[in-house]
Amino acid sequence: MVIIIILVLGSWSCSSLAAEVLSQSASSEGQSKAASTTDLASSEPRGRGQLAPPQETVLPDVDLEVLHDPSWLGPTQLLPSPVEGTWEWTNEGKRVWRSRIRSPGVRALRLRFENFVIQGSVWLYDDEWNGPYLGPYSGAGPHDTGSFWSQFVFSESVTVEYVPTNPISAGDSVPFRIHSVAQIMDKKFPVPGSRGKKQGLLPRSDIAGCHLDVSCYPSLQTRNQPSVARLYITTEEGTGSCTGFLINPRYDSDSYLLMLTAGHCISTQEQAQSVSFLWNYQTEICYGNPDWIQWAEPLDYTYGATLLVSKDDDDDDFALLRLSQSDVTEVTGWTSLGWTTSPVRSGEQVYTVGHPDGSLKRAAFGESINSRWNSDSWQIVQWRLGTTEPGSSGSPVLGGEGEDWRVVGIHYGSTKPDGSEESIWGPYCHPDHRARFNRFSHVWETIKPYMESASELLTADTPPGSLVVPLGSSGDTVTLVQADNGSWRLGGALVRSGETNVRAENGNIYTLTFTQDGRWTATYSPMEVTVRLGTSGYIVTLVKAEDGSYWRGNREVQSGSSRISTPNGLTYRLDLVNGQWTAVRVDNSSSVM
């Protein structure tokens, strides 16, 4: 389902909040950690060690020139179609399709699935088949769109395992396409390491004056109660990193959290659904060795969000996301930031917390300054201590007095407007380095409906340029939305005529097709079921019709009454039990006087 939000702009005033300041900060106590992205408790993939190694696709070495800036973690590579795999039977009597994809020298991988409509489960794991692993992915995927990016596998290889619910009817092909693989190369990308590393300290001269460790300023960011997270966004071009922060709405919600980041980081629903959020990515103590925290337990990741609104133009650069509160509290606590719509004055002291250069959480301190680039939408800040760099996009810019800090803007970037080193913006890690941020007072005009009413988070209407497509006689529909470039999307995923499959609630699968007269239709895709006739060596194929009936040729098959005879004279009765067809031999003997 595609959720489209209609924005309602207006004004709000309150005598008790003369400057429109929201001072309170909501928080949630941290709970015990759970492996939300690597399910160590389930036993499904275990026992695969006795199987032969799966068929492997080895990718060429990554050209390191693609790592063109600190926020760019690695490229995305298209995979051959289809990706080859092998079918085997396990000792537990399960039929399993397995394939391995290897990219030598990378730190992590994530896979892009398309045309994903399955009856069964898909699991992902690295060379260690006994865990940790990801999954199961089932149905039409985690977003129910048939297209999605997996979470990260922290290895240079990933094994894909498909276990169909009905092994007999599965056939030899798989009901999905592994379209592409994201290759993570950057050494600053955190991966689980081994236990026993000593704590140690980094020499302060390595980062002092440039990267200020946020753990040296406990009042700015409390570990295990974070408001700031590092974001990983994967597209067909590659994977990049940004920063995002939780913002406090004017209402209490037990279901959702709101996050602000930069619009040039996340601009589509598909990007929002596939973004990975890394929480608590900071040192344990002031200038602590960052390797020390990379233990063997899972990192504090959550996966996926809903895009409420995104702007990336001359006036604004921001994106507002809706996150599942339960997903976040499953791995960590959280704190949302207060804010103010009062304008930022020239000379006002500000600070930021983010992930410059993709590093662990850092702080920077400076002041707003007069500049010819200032406007109603934008403001310039000059950092006196610390810095912002690529990877800082989306960080909160906070202002106020004493410890009463509130969000006054969203960090945009430090790109030099004229492209020259002589620009007043100055180089990174320099006392004269200046950056630009989007004024929160201007952003407020757009996000106000979502900040004042929880009902706005769930508003769904059919916008202009959309099309509701009935799924045959199932009674269900899907809504396709036309993008600016003329393409059509379902839940943010690109719809390909004749290739995109969707599943109705009754289990029927339909293929979306764009007709010559410019209409989208959904055509039922008959499902074939293979039934073995005992030990005779013969099989029959049944076809499930859209109304749920089963047919063999032009004759309908009735459970308990239909008979099939083999060439060697044996007769079998076909029974439908718990959704599966079985064949029971019928005794054809007769008395002879």
Side-chain angles (χ1 to χ4, degrees), residues 11-13 17-23 209-210 212 214 217 219-220 228 243 245 247-248 260-264 311-318 337-354 356 362-390 392-448:
S11 61
W12 184 91
S13 63
L17 298 175
E20 292 192 43
V21 173
L22 187 67
S23 60
C210 180
L212 303 182
V214 76
Y217 309 91
S219 62
L220 302 187
V228 173
T243 301
F245 61 95
I247 191 76
N248 196 14
L260 279 170
T261 185
H264 66 266
K311 294 186 69 175
D312 180 11
D313 53 35
D314 292 338
D315 292 326
D316 288 300
D317 186 285
F318 71 91
L337 297 176
W339 46 268
T340 175
T341 58
S342 298
V344 182
R345 302 182 302 273
S346 177
E348 182 175 343
Q349 300 300 303
V350 296
Y351 83 90
T352 187
V353 174
R362 305 302 189 196
F365 302 88
E367 62 184 28
S368 61
I369 60 174
N370 287 321
S371 171
R372 60 189 177 92
W373 286 288
N374 288 348
S375 66
D376 291 339
S377 306
W378 304 100
Q379 178 74 25
I380 304 303
V381 58
Q382 182 170 1
W383 300 121
R384 301 300 186 185
L385 292 172
T387 188
T388 51
E389 300 184 52
S392 297
S393 296
S395 301
V397 178
L398 298 106
E401 297 180 359
E403 295 185 359
D404 188 19
W405 298 90
R406 298 183 180 92
V407 174
V408 296
I410 304 167
H411 182 267
Y412 166 76
S414 305
T415 304
K416 304 172 181 61
D418 60 5
S420 69
E421 291 298 328
E422 290 73 29
S423 166
I424 66 165
W425 299 69
Y428 302 131
C429 300
H430 187 277
D432 195 39
H433 176 57
R434 306 180 188 192
R436 183 167 66 158
F437 64 88
N438 200 171
R439 292 179 184 266
F440 185 82
S441 57
H442 199 269
V443 171
W444 172 255
E445 298 174 7
T446 303
I447 69 173
K448 179 181 177 181

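Sequential numbering from 1 along the given sequence is applied to the chain's residues.
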Does the pair Asp316 and Val443 meet the rule for a side-chain contact (heavy atoms from CB on, under 4.5 Å), with working shown? CA-CA 7 Å; Asp316 288 300; Val443 171; 4.0 Å; yes

Just do the side-chain contact (heavy atoms from CB on, under 4.5 Å) check on Val381 and Val397 with the steps written out, would you? CA-CA 9 Å; Val381 58; Val397 178; 5.7 Å; no

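- Take Asp314 and apply the side-chain contact (heavy atoms from CB on, under 4.5 Å) test, not counting sequence neighbours, and it matches no residue.
- Not counting sequence neighbours, Ser375 has no partner by the side-chain hydrogen bond (donor to acceptor under 3.5 Å, both in side chains) test.
- With sequence neighbours left out, the ring pair (Phe, Tyr, Trp, His ring centres under 6.0 Å) criterion links Phe437 to no other residue.
- Side-chain contact between Val407 and Ile247 is present, with heavy atoms from C-beta onward closer than 4.5 Å.
- For the side-chain contact (heavy atoms from CB on, under 4.5 Å) test, residues two or more places apart in sequence or in another chain that qualify with Thr243 are Val228, His355, Ser395.
- One distance of note links CZ of Arg439 with OG1 of Thr341; it measures 12.0 Å at 0.5 Å rounding.
- Taking CG of Leu212 as the reference point, atom OG1 of Thr352 lies at 11.5 Å (rounded to 0.5 Å).
- For Ser368, the side-chain contact (heavy atoms from CB on, under 4.5 Å) partners at least two apart in sequence or on another chain are Val344, Glu348, Gln379.
- When Val353, Ile410, Thr261 are each tested for a side chain to side chain contact (heavy atoms under 4.5 Å, CB included) with Phe245, only one passes: Ile410.
- Ring-plane geometry between Phe440 and Trp339 is classed as tilted, the angle between the planes lying from 30 to 60 degrees on a 0 to 90 degree scale.
- Contacts of Asp313 classified as side-chain hydrogen bond (donor to acceptor under 3.5 Å, both in side chains), with partners at least two apart in sequence or in another chain: none.
- When the side-chain contact (heavy atoms from CB on, under 4.5 Å) test is applied to Asp376, the partners found at least two apart in sequence or on another chain are His442.
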